[in-house]
Amino acid sequence: MPVTLDAMTMGDKLTCLFKGDPGTGKTIAAASFSNGADDIYFFDLDQRMRPLLLHFGHPDLKSYKDHIKFDTYAGATAWADLCTKLDGLISYNPYAAICMDSLTALSRMLISFMLASRGEQGKQKLKRGGVALTQIEDYSGEANGINQVIDALRVISDNGKKCHYIMTAHVIQTSEKSREGKISLSRFLVNSGAKKTVAELPAYFDEAWHFDVGLGQTGRAQYRVLTHNIGTDWAKTALPLPDEIDFTAYPKEEDFNKKHGLLYPMIQQHVKTHSESDKWA
């Protein structure tokens, strides 16, 4: 039976693509989605959980630290282990949020799996200088694997209680020069070769935010997330958010969320303020 928009609650389930250069705070921002009250699970493909240990090791953030759960996926069985975990979560999901960290590492994992699947005889035929070469079929396997992961996350997020899901991704900047000599810059999600699939990826997320870091007025690193298109950095949101959110941790702030740079509670506050205000006045 059809439902109406009144049956939906703004912000009750977020589907997020976090993109940006390495070290821009994507994983730390994702960890804040536990809200210090519910478990969040990380598919640790990048093998970089130590930044969470540093950030959430603050005594005030013990509730957040205790709710961060993860498995590291590496080696010959990584893809099989990941699929087994996804299947298990489809049957039963105890988490309030799930993060696939990251798309870039997932692409590399899939290509490695495709190469390993050839067998020794197949590898020898497709080597140059002792290194196995990728083929078009490998990129098709990569694309199918990414689609399989996205489909599983969408099923998991609606299985029982609402569950946020997040995918992080690295970006690469390219430049193109026109005949007139004008140079244009673009940023693309990093992957091995599944260009079409990755280009379509943002369509499967309500939120696609761009993360970056620069030098703030205090002389310290300033972390920000862009929620709308700004210059070459594309982004989108289905929430009432400002174009830019500063989620730098400012230790001298009295506000708990700003003091510790907790992005998700900041997002919640923007949604709450919008809901309580006379927004159509």
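Small disclaimer: the values here were computed from a predicted structure and weren't measured.
- Nearest heavy atom pair, residue M266 against residue K258, reads CE-CA, 3.9 Å.
- Residues M167 and F205 share a closest heavy-atom pair of CB-CZ, 4.0 Å.
- Considering only heavy atoms from C-beta on, I40 stays 4.5 Å or farther from F70 through its side chain.
- For the pair R48 and D44, the salt-bridge criterion is not met [side-chain N within less than 4.0 Å of a carboxylate O].
- In the hydrophobic cluster analysis, where Ile, Leu, Val, Met, Phe, Trp and Tyr join through side-chain heavy atoms closer than 4.5 angstrom, F33 is grouped apart from L153.
- Considering all non-hydrogen atoms of both residues, P51 and I28 come closest at O-CD1, 4.1 Å.
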Open item on the list: Is there a side-chain hydrogen bond (donor to acceptor under 3.5 Å, both in side chains) between T237 and E207? Walk through the geometry before answering.
Closed with: CA-CA 5 Å; T237 182; E207 310 298 314; 2.4 Å; yes

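- Note on D60 versus K259: salt bridge recorded, some NZ/NE/NH1/NH2 to OD/OE distance being below 4.0 Å.
- In terms of hydrophobic clustering, with Ile, Leu, Val, Met, Phe, Trp and Tyr side chains grouped at heavy-atom distances under 4.5 Å, M109 and V149 are assigned to a common cluster.
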TODO: Take Y41 and N93, measure what side-chain hydrogen bond (donor to acceptor under 3.5 Å, both in side chains) needs, and give me the verdict at the end.
DONE: CA-CA 10 Å; Y41 179 78; N93 172 32; over 6 Å; no

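- Here P22 pairs with H170 under the side-chain contact (heavy atoms from CB on, under 4.5 Å) rule; sequence neighbours left out.
- For the pairing with D212, the side-chain hydrogen bond (donor to acceptor under 3.5 Å, both in side chains) check across R224, Q222, K19 returns one residue only, R224.
- The backbone N or O of N257 lies less than 3.5 Å from a partner atom in the side chain of D255, making a donor-acceptor pair.
- Closest heavy-atom contact between I146 and L103: CD1-CD1, 4.0 Å.
- Nearest heavy-atom pair, H210 versus W234, reported as atom, atom and distance to 0.1 Å: CB-O, 4.0 Å.
- Using modelled atom types and a 3.5 Å distance limit, the side chains of T77 and D81 yield a donor-acceptor pair.
- Judged by distance alone, the side chain of K26 and the main-chain N or O of D101 form no donor-acceptor pair under 3.5 Å.
- Residues satisfying the side-chain contact (heavy atoms from CB on, under 4.5 Å) criterion with V155, sequence neighbours excluded, are I90.
- Contact detail for R220 and A249: the closest heavy-atom pair is NH2-O, 3.3 Å.
- Using a 30° and 60° split on the angle between ring planes, W209 and F18 fall in the parallel class, below 30°.
- Relative ring orientation between F211 and F247 is described as perpendicular, the plane-to-plane angle rising above 60° on a 0-90° scale split at 30° and 60°.
- In the hydrophobic cluster analysis, where Ile, Leu, Val, Met, Phe, Trp and Tyr join through side-chain heavy atoms closer than 4.5 angstrom, I166 is grouped together with I245.
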- [ ] Show your reasoning for whether salt bridge (charged side-chain N to carboxylate O under 4.0 Å, His left out) applies to D66 and K62.
- [x] CA-CA 6 Å; D66 291 346; K62 187 178 186 306; 2.6 Å; yes

Task: Test side-chain hydrogen bond (donor to acceptor under 3.5 Å, both in side chains) applied to Y64 and H260, step by step - done: CA-CA 11 Å; Y64 280 86; H260 297 290; over 6 Å; no

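- The backbone N or O of Y264 sits less than 3.5 Å from a side-chain atom of S32, completing a donor-acceptor pair.
- Checking Q47 against T72 by side-chain atom types alone, no donor-acceptor pair falls below 3.5 Å.
- Y223 meets the side chain to side chain donor-acceptor pair (under 3.5 Å) test with no other residue; sequence neighbours excluded.
- N147 places no side-chain N or O within 3.5 Å of a backbone atom of D151 that could act as its donor or acceptor partner.
- Inter-residue side-chain proximity for F42 and M49 is flagged as met; some heavy-atom pair is nearer than 4.5 Å.
- Note on L106 and Y204: same hydrophobic cluster, where clusters join Ile, Leu, Val, Met, Phe, Trp and Tyr whose side-chain heavy atoms are under 4.5 Å apart, directly or indirectly.
- When hydrophobic clusters are built by joining Ile, Leu, Val, Met, Phe, Trp and Tyr residues whose side-chain heavy atoms come closer than 4.5 Å, directly or via intermediates, I98 is grouped together with L45.
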